[in-house]
Amino acid sequence: MTLRLFRAELLSVATDPRDDPEAIRHEPDGLLVVEDGLVVARGDHATLAPRYAGLPVERLAGIVVPGFVDAHVHYPQMDRIASHGEQLLDWLERHIFPAEMAFADPVHAASVADAFLTELLRNGTTSALVFPTVHPGSVDALFAAALDRRMRIVSGKVLMDLGPKDLRDTPEGARADSEELIHRWRGRGRLGYAVTPRFALTSSDEQLRQAGALLDAHPDVLLHTHLAENKYECAAVAERFPHAHDYLDVYDRFGLVGPRSVFAHGIHLPDRSCARLAAAGAGIAVCPTSNLFLGSGFFDFGQADAHRLRLGLGSDIGAGTSFSLLHTAGVAYQAALAREVRLDPFRALYLATGGSAALLGIADRVGGLLPGQEADFVLLDDAATPLLARRTAGADLATRLFAMQVLGDDRTVRRTYVMGECAWDRGIG
Ligand SMILES: [Zn+2]
């Protein structure tokens, strides 16, 4: 048994502050007690410390928040971030598909997986729902690297039998590969599996049917795909599936819309889709930096909130422009305001932690830094740059948090802890 005590300013938003007035939990001088990687106690230092008298206490300078949870990110695209000039469908053809072909090589996959997980930790992200490529080996590489680092990573082989040549599977082969991967990785470390059709246009009807069958057969796996990101994509989907009510209905007809479903984007959704998503308990991973980068549009928080949709936050690397979910939260504020909604900084923190964790079905384990949860947390520095230091000096908590979201990025992350152990330290690297 190892007991570790951390004294620091603590902040978490485990549930949506729109629904729960008690959601924001803040101890200006707090104590976090970690036993064998789990939070066993948390509270005001003066109140809690006498219970642990005589034990060494590590003093952390900065604000401790739960480790960020990236609800949508593509690890094979990290080296194609900042690729110039195209909207979604052309960008995929020109920049992304060629990069993904290289993942047929397991050595390449292992090398990128390692760099990717390091980048997550540098940015304070300790859990993520990740797109690999069509190659089963790309999943093995990511899971092996995550297992080494004890990170909570959910992923699954991309299904795309209508993808470009050299990046194409078959419905039967993909089903068998997925079954094998689920069998190989189930229950290992903190890993989880997601059935991952790329999107409606890259899978045949038969493959979408097989994806639904996989979900049915494995009640512990998620469904992870894209939905209504770009207007040309939406038009192509409507053309291929003329009998579907809308884009979401395509997935619904194959049994892919339920409480374990995570859809990235949802920029162009009719109210009918929102009502159906809400009724099914499915979630949306909002990816604002990606939506701006590819000119896809602004997520409609007003519409989503009117339907009480479950939301999380995703970087969507490599269309997204930052691994930092702090920065992504700041851009979410700007995207929301473009559609007349003011996103509260505490709610933005919720989306990047507890909200995303709920989408991934892991909110009982991470996202709130609450007793019983795993001790994944980030030590933030609200004076990481001279400008941040000026803006946050003497400011109240909401101002400091918002300033870190608007001005912060990986520089704002002083340390990242996984299961109570320091996994990244800005001072050491
Ligand atoms: Zn994506």
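Indexing begins at 1, ligand by ligand and atom by atom, following the structure's order.
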N/O/S atom of C287 inside 2.8 Å of the Zn ion (ligand 1), strictly under
no

Which atom of H226 approaches the Zn ion (ligand 1) most closely (N/O/S)
NE2

At the Zn ion (ligand 1), what's the angle from H72 NE2 to H74 NE2, rounded to 10 degrees?
100°

Compute whether any side-chain donor of one residue and acceptor of the other, for N291 and E229, lie under 3.5 angstrom apart.
no

Determine the interplanar angle of the F131 and H226 rings, folded into 0 to 90°, and report it as parallel if under 30°, tilted if 30 to 60°, perpendicular if over 60°.
tilted

For a salt bridge (charged side-chain N to carboxylate O under 4.0 Å, His left out) with E421, tell me which candidate from R149, R150, R4 qualifies.
R4

Could you check which N/O/S atom of D316 is closest to the Zn ion (ligand 1)?
OD1

Give a yes or no on whether the ring-centroid distance for H95 and H84 is below 6.0 angstrom.
no

